[in-house]
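Inspection log for the structure reproduced underneath, given as structure tokens.
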Amino acid sequence: MHEMALAESVIDLVEDAIRDKDIAQVKSVVVEVGILSHVSPEALLFCFDAVCRDSAAAGARLEIVRVAGAGWCLDCGKTVPLSERFGACPECGRHHVQMTAGDELRVREVEIG
Amino acid sequence: MMCTVCGCGEASVETGKTGADHVHSHDHGHDHGHGHSHDYGTGLAGVHVPGLSQERIVRIERDILSKNDSHAAANRARLAELGVFALNLVSSPGSGKTALLVRVLSDLVGKVPVAVIEGDQQTSNDAARIRATGVAAIQINTGKGCHLDAHMVGHALDDLPLEPGSVLFIENVGNLVCPAAFDLGEAHKVVVLSVTEGEDKPLKYPDMFAAADLMLLNKSDLLPHIEFDVAACVANALRVNPRLKILTVSARSGEGLDSFLDWVRAGQALARATAKAAALA
């Protein structure tokens, strides 16, 4: 359940970003979570609700934007879609694929009310 | 787990000395009586309400792990200045990390300066086992936490007597999932897998094997008694991480430990030489 620690990090980043601003309420927090990242969106939502209570983001909705997976296949010499971390190239079936997208864990922005 | 009082983790640090370090307890409960709805906007601002004014949006664009990573960078700089070679030992519970460490420490103690940070959810049993070898050990109890983070390790470094040029072993919480994501400032993650686990573990828990630089396949003394395909395990590990170095070892019989110790000493020599060169610069 490292999603709890990640949810706390999200709150920290939000609090840092709005600290010096006159903001009544944070309506939503938008995070990008790649489909190949080691994070369960459901667990992150659950944990965010738990940790946002006593923070500047209390009551905010967490919006998770999934980022599709992609990798560079060394054998095919091109970017291919990846649906599984460390998965095979969908075209040649080999595993010489370097992940280039889908690993994102990023706080994009907050919407304030 | 950040405490809002001092910005410190919920984790407690136990130094083996009397006198209190700061310990926090957090026991407020949470209930959930509301649902969620999610609409993923694709508009210019990436927001979910079309036409929403940009002033209502505060861009953040920071990695969720960036705070941990900045603590890790601080730890790494501190260790580099001292010429300390730090290893982050990770595995599932029961792989024999502590037994391996005790065996390795008994070979190193008196020859090279060495120190240990022990991470567990509860108890200081492991630190006590380490201290029995004569090596200084700090116990971090993560409480509910499932992994060590760089901030906890930074606090442990404050309390740990660390000689320049030491080898520092950080034994992470037994967990093959979460510690993979948290950089502690170590030189290398070393993943321990025992032959009593499945040979497909590197495929089931690929993140850890991808994050590690060295895999120790432990409990090799049990191989004659069990069905475990070493070649298949190695192939699986190399599939998720083609650069992974692999040693077959036994904390019990001592098999393979000379090679591991050679690797540790080489890393230590490099860390020392690098610190010396940096001091001249």
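To find a chain, count down the sequence lines: A is the first, B the second, and so on, and within it residues start at 1. Remember, it's a predicted structure, so these values are computed and weren't measured experimentally.
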Quiz prompt | Side chains of B/L247 and B/L214 in contact at under 4.5 Å (non-hydrogen atoms) | solution = yes

Quiz prompt | Mutual orientation of the aromatic rings belonging to A/H38 and A/H2 [parallel < 30°, tilted 30-60°, perpendicular > 60°] | solution = tilted

Quiz item: What residue in A/V110, A/I18, A/L6, A/V14 has the most heavy-atom pairs under 4.5 Å with chain B?
Solution: A/V110

Quiz item: Counting heavy-atom pairs under 4.5 Å to chain B, which of A/V33, A/I23, A/L13, A/D16 comes out on top?
Solution: A/L13

Self-check item: Stepwise ring-ring contact (aromatic ring centres under 6.0 Å, His included) check, A/H96 with A/W72
Solution: CA-CA 8 Å; A/H96 301 155; A/W72 176 261; over 10 Å; no

Exercise. For the residue pair B/N218 and B/S194, confirm or rule out a side-chain donor-acceptor distance under 3.5 Å.
Key: no

Practice problem: Would you mind checking which part of A/V26 comes under 4.5 Å of any heavy atom in chain B, side chain (CB onward), backbone (N, CA, C, O), both or neither? | Solution: neither

